[in-house]
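So the structure is just underneath, and the comments pick up after that.
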There are 2 protein chains.
Amino acid sequence: MTAPPGRRERKKAATRRKIADTALRLFLDRGYDAVGIRDVAAEADVAVTTVFSHFASKEALVFEQDEDFEQRLVQAVTGRAPHEPLIPALCREIQALVRHCAADSAAPVWRMVDETPALRKYEESMMLRHAESLATAIADDPGLPQTTTACRTIARFAVDAYSLAREAADPEAAVDEIFRMIEAAWEAARPARDT
Amino acid sequence: MTAPPGRRERKKAATRRKIADTALRLFLDRGYDAVGIRDVAAEADVAVTTVFSHFASKEALVFEQDEDFEQRLVQAVTGRAPHEPLIPALCREIQALVRHCAADSAAPVWRMVDETPALRKYEESMMLRHAESLATAIADDPGLPQTTTACRTIARFAVDAYSLAREAADPEAAVDEIFRMIEAAWEAARPARDT
DNA sequence: ACCATAACACTAACCGTTAGTTTTAAAAAA
DNA sequence: TTTTTTAAAACTAACGGTTAGTGTTATGGT
């Protein structure tokens, strides 16, 4: 299935990457709002319609690999060791993601995102989508007999932790602090059984 | 200050209301996406630029009185009885807001919002703005010696409760369930003092 | 009566996005 | 190979939200 990708798919992937790379370079160079889609298309030597056949919107050019993010969140839940409690596993993953954004070589990108309202809005609804996937993953865990509402709530709280921590002075400490609260919320959601 | 508003301000308010009313009527009649700003302007008998001098965007026409929402959240914190605990007061207000959306005569509006992606996105970032105001109000309460991070977290959780409850089968029960979790989170955020 | 200004109108455009159509090139069938 | 099919990408043109620039009118203060 992943053996010989075929020339067509290779060219398509190359076009996609060329567009994304060109766009990011121009955005960082001249500022997101100062660069139009037509500029990106011209610089990447493709048609405007080609840009939109690879990316759903201008903002999507910046968040090229957002599916990674979602995957990692879900995997932190579904792929954790047996009997490992949910919340610490989630906390570790959020910590890793926050570090990834704060310290990465991609720091200028995140500064641009923070400074551009359109990008902030886009990221917000992206995170809500991710929260939905995370909620489903939590709800599907057979070892967690919680309400759907409780699962969706915890998922929201987790992505809240991410975005709040990114704005905090000490992001990693903020994640810890918020997750102490999430842990308590998760306990309180238990169907009033043990301890 | 509110005595004789003057003819000018009255006319301005009238124009604003006429635009908003016309827009909402057209939206509910023909569907949000099927009505253009130029349609609204023509039907309200104003220029397109006048619409945008009263409302920042097409979506803002639908959420005309969103400042009410923010005010009520903040007031639930700042205007509560002395020594009344924070969380129950917040819970009551969120309950009221959820009821207001679910049972109000404005139910068709909320159905339209739920069905229109652009409006949902707009509401999302609106709620985040409200969460910021709420966080400030909580942080400014002298009786609550919590971290800024904890205050912002609780504010987020509260608006999460609102949007999650609105999507739940039994909204009022959902608010109660989520606020049990929020209460626990708030307790856990205490600087490790009493009890 | 006069002037400053706020509200609004009008034109024209910018920019993200999409539809419709056509060319090009890769994959599959003959 | 040759032919046929299919998918990528080009091109043209437009739509719809939004804004800039420029007047025009009516209101409020002097």
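As the structure is a computational prediction, the values presented were derived from the model and not from experiment.
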Between dC8(C) atom P and Arg10(B) atom CZ, what is the distance in whole Å? 14 Å
If you check the Phe52(B) side chain, which of dT11(C), dT18(D), dT18(C) turns out closest? dT18(D)
Is any side-chain nitrogen or oxygen of Thr50(B) closer than 4.0 Å to OP1 or OP2 of dA9(C)? yes
How would you label the contact of Val35(A) with the nucleic acid (heavy atoms, under 4.0 Å): base, sugar-phosphate, or nothing? sugar-phosphate
Within residues 12-20 of chain A, those residues having any heavy atom closer than 4.0 Å to DNA chain D are Lys12(A), Thr15(A)
Find the distance Phe55(B):CZ to dT19(D):P and express it as a whole number of Å. 15 Å
Within the supplied structure, the quantity of interest is the number of heavy atoms (other residues, nucleotides, ligands) at a distance under 6.0 Å from Glu115(A) CD; does it exceed 12? yes
Nucleotide dT18(D), atom C1' - distance to NZ of Lys58(B) in whole Å: 12 Å
Against the six-membered ring of Tyr32(A), is Lys58(A) placed for a cation-pi contact (under 6.0 Å from the centre, within 45° of the normal)? yes
Answer yes or no: is there a donor N or O on one side and an acceptor on the other, between the side chain of Ser57(B) and the main chain of Ala60(B), under 3.5 Å? yes
Distance-only donor-acceptor test, Arg7(B) side-chain atoms vs dG28(D) base atoms, 3.5 Å: no
At less than 4.0 Å, is any side-chain N or O atom of His54(A) found next to OP1 or OP2 of dA9(D)? Yes or no. yes
Can you work out whether Ile37(B) or Lys11(B) has the more 5'-proximal nearest nucleotide on DNA chain D? Ile37(B)
Indicate, yes or no, whether a donor-acceptor pair under 3.5 Å links the base of dT18(D) to the side chain of Arg38(B). yes
Got a salt bridge between Glu187(A) and Arg190(A), using NZ or NE/NH1/NH2 to carboxylate O under 4.0 Å? yes
From CD of Glu59(B) over to P of dG16(D), roughly how many Å is that when rounded to an integer? 15 Å
Starting at atom CG of Asp33(B), determine the distance to atom P of dG16(C), rounded to an integer number of angstrom. 20 Å
The side chain of Val48(B) lies closest to which of these nucleotides: dC11(D), dT18(D), dC10(C)? dT18(D)
Under 4.0 Å, heavy atoms only, any strand: does Val46(B) hit a base, just the sugar-phosphate, or nothing? sugar-phosphate
Which nucleotide in dT6(D), dT17(C), dT18(D) has an atom nearest any side-chain atom of Arg8(A): dT6(D)
Ignoring hydrogens and angles, tell me if any N or O in the side chain of Gln95(A) forms a donor-acceptor pair with the backbone of Glu172(A) under 3.5 Å. yes
Counting the atoms with a prime plus P, OP1 and OP2 as sugar-phosphate, which does Asp45(A) contact under 4.0 Å by heavy atoms, base, sugar-phosphate, or nothing? sugar-phosphate
Look only at the side chain of Arg17(A) and the backbone of Ala14(A), and say whether a donor-acceptor pair between them is shorter than 3.5 Å. no
Classify the angle between the aromatic ring planes of Phe69(B) and Tyr162(B) as parallel (below 30°), tilted (30 to 60°) or perpendicular (above 60°). perpendicular
